[in-house]
Structure formats: structure tokens, C-alpha cells
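Take a look at the structure set out below.
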Amino acid sequence: MRHLDFGPDDLPLVRATVRDTIADFAPSRVTDIVLAVHEVAINAIVHGGGRGHLRVERAGDELVFHVKDGNGSPTRPVVRPPDPDAPRGRGLWLAEHLADLLHIDTTPGATSVHLHVRADPASSA
């Protein structure tokens, strides 16, 4: 299991952590999963108090990337198709389409996004 606290200056480290974690587990999906977790991490920073926490764990034939902010909204974020004319608002939608499963938990003090990724059939996972 890996843990990483992050802020705006730590996004390259978030991407490197995800890339290193998933490289042997789902090599065909490295780029997609790095992008998905990066987008969720940006949301944690922008909408959750400027900082976040990444936890990665193995759950059977899946890796689960948990991204938690430190000051979540009292309402659960809604994943919806992006407005093609809007300059923002694609992060959760992208993450949902790139991961095998995306689940969001919201409590009064934090929002957690869980991205589930299945192993590549031919990987050495």
C-alpha cells in the first residue's frame, strides 16, 4: 500500500507514483490511469482546501486509487458529461471513463474518490 499527501506543487509526484504503481499491473493503461488520478487530484486541490491524500491498495485483481481531499463539499459531486463550450468540468467524467469503476464518498469533512483498475490479463500482477 502506498500513501502520499499532496498539494499543487506535488502533482508531478502524484503522476510518478501512479505510473510506478500501475506499470507492471496494467501496462496497457498507464497513460489513462495517470490522467484519471491526476484529474481527481486536481479536483481535491481546487475544491477541497488545497491539499489531498492519495492511497493505493491492492484488492484482489484490482488496484484502487483513493484520493481524499481535506475539506470536502457537503454535497456529493455529480459526474456528468462536460459542456463542450466550458473550459473546465471534465475531470470526474474523464476519470469515470478511464477507470473500471469510480465511486465517490462525501462526508462533512472530506470527499473521497475511489478509482478501481483491473489488472491486464497478460500482466505479471
Side-chain angles (χ1 to χ4, degrees):
M1 189 174 337
R2 293 185 175 190
H3 293 270
L4 175 66
D5 289 318
F6 62 87
D9 296 334
D10 302 312
L11 289 170
L13 182 56
V14 169
R15 292 188 301 269
T17 299
V18 174
R19 186 173 29 259
D20 292 346
T21 302
I22 199 148
D24 291 331
F25 188 79
S28 70
R29 300 180 63 199
V30 170
T31 302
D32 288 347
I33 302 309
V34 168
L35 175 60
V37 176
H38 171 84
E39 289 294 326
V40 173
I42 288 174
N43 282 353
I45 291 167
V46 171
H47 302 293
R51 302 222 30 97
H53 180 79
L54 171 65
R55 180 172 50 98
V56 185
E57 66 182 352
R58 179 89 180 247
D61 67 342
E62 293 182 332
L63 281 178
V64 184
F65 296 86
H66 305 274
V67 179
K68 182 177 183 179
D69 66 29
N71 187 22
S73 167
T75 59
R76 184 182 181 277
V78 177
V79 181
R80 59 176 68 119
D83 176 345
D85 297 324
R88 300 174 46 175
R90 292 167 174 76
L92 286 176
W93 182 84
L94 275 171
E96 182 178 61
H97 283 79
L98 295 172
D100 293 310
L101 174 69
L102 182 123
H103 176 75
I104 303 171
D105 293 319
T106 302
T107 62
T111 298
S112 298
V113 178
H114 315 278
L115 299 101
H116 297 250
V117 180
R118 284 187 226 97
D120 279 351
S123 74
S124 60

Checklist line | OG1 on Thr21 to CD on Glu57, rounded to 0.5 Å | finding: 12.5 Å
Checklist line | Heavy-atom closest contact (Ala44 atom, Gly52 atom, distance) | finding: CB-CA, 4.5 Å
Notebook entry, point to check: Should His38 and Val14 count as side-chain neighbours, where that means a heavy-atom distance under 4.5 Å?
Noted result: no
Margin query: Pairing donors with acceptors under 3.5 angstrom, does anything connect the side chains of Thr17 and Arg2?
Written below: no
Next item on the list: Would you indicate whether Arg15, at its atom CZ, is surrounded by more than 12 heavy atoms from other residues, nucleotides or ligands within a distance under 6.0 Å?
Entry: yes
Notebook entry, point to check: Quick one: CD on Glu62 to CG on Asp100, what's the gap to the nearest 0.5 Å?
Noted result: 6.5 Å
Notebook entry, point to check: According to a 4.5 Å side-chain heavy-atom criterion applied to Ile, Leu, Val, Met, Phe, Trp and Tyr, with indirect links allowed, do Leu13 and Val46 form part of one hydrophobic cluster?
Noted result: yes
Next item on the list: Grab the two heavy atoms, one from Phe25 and one from Asp61, that are nearest each other, plus how far apart they are.
Entry: CZ-O, 3.4 Å
Next item on the list: Could you tell me whether the side chain of Asp105 and the main chain of Ser112 form a donor-acceptor pair under 3.5 Å?
Entry: no
Checklist line | Nearest-0.5 Å distance, CG of residue Asp24 to CG of residue Asp120 | finding: 10.5 Å
Next item on the list: May I ask you to decide if the ring planes of His114 and His66 are parallel, tilted or perpendicular, using 30° and 60° as cut-offs?
Entry: perpendicular
Notebook entry, point to check: Which pair of non-hydrogen atoms, one from Asp9 and one from Pro12, has the smallest distance, and what is that distance?
Noted result: O-CD, 3.8 Å
Next item on the list: Mind checking the CZ-CG spacing from Arg51 to Asp10? Nearest 0.5 Å is all I need.
Entry: 6.0 Å
Check: Of all heavy-atom pairs between Ala41 and Leu11, which one has the smallest distance, and what is that distance?
Finding: CB-CD2, 3.9 Å
Margin query: Which residues pass the ring pair (Phe, Tyr, Trp, His ring centres under 6.0 Å) test with His116, not counting sequence neighbours?
Written below: none
Note to self: If we ignore hydrogens and angles and just use 3.5 Å, is the side chain of Arg58 paired with the main-chain N or O of Gly60 as donor and acceptor?
What the structure shows: yes
Note to self: Between Val113 and Ile42, is there shared hydrophobic-cluster membership here, with clusters defined by ILVMFWY side-chain heavy atoms closer than 4.5 Å?
What the structure shows: yes
Check: Can you tell me if Arg29 uses its side chain to pair, donor with acceptor, with the backbone of Leu98 under 3.5 Å?
Finding: yes
Note to self: According to a hydrophobic-cluster definition based on side-chain heavy atoms being under 4.5 Å apart (Ile, Leu, Val, Met, Phe, Trp, Tyr only), do Leu102 and Val64 belong together?
What the structure shows: no
Check: Heavy atoms, side chains only, cut-off 4.5 Å: are Ile22 and Phe65 in contact?
Finding: yes
Note to self: Nearest 0.5 Å, please: how far is CG in Asn43 from OG1 in Thr111?
What the structure shows: 10.0 Å
Note to self: If I compare all heavy atoms of Leu54 with all of Phe6, which pair ends up nearest, and what's the gap?
What the structure shows: N-CE2, 3.7 Å
Item checked: NE2 on His103 to CG on Leu115, rounded to 0.5 Å -> 11.5 Å
Next item on the list: Write down the atom of Gly50, the atom of Pro8, and the distance for their closest heavy-atom approach.
Entry: O-CD, 3.4 Å
Check: Side-chain heavy atoms under 4.5 angstrom apart, residues restricted to Ile, Leu, Val, Met, Phe, Trp, Tyr: same cluster for Leu4 and Val117?
Finding: yes
Note to self: Quick check: do Val56 and Val37 have side-chain heavy atoms less than 4.5 Å from each other?
What the structure shows: no
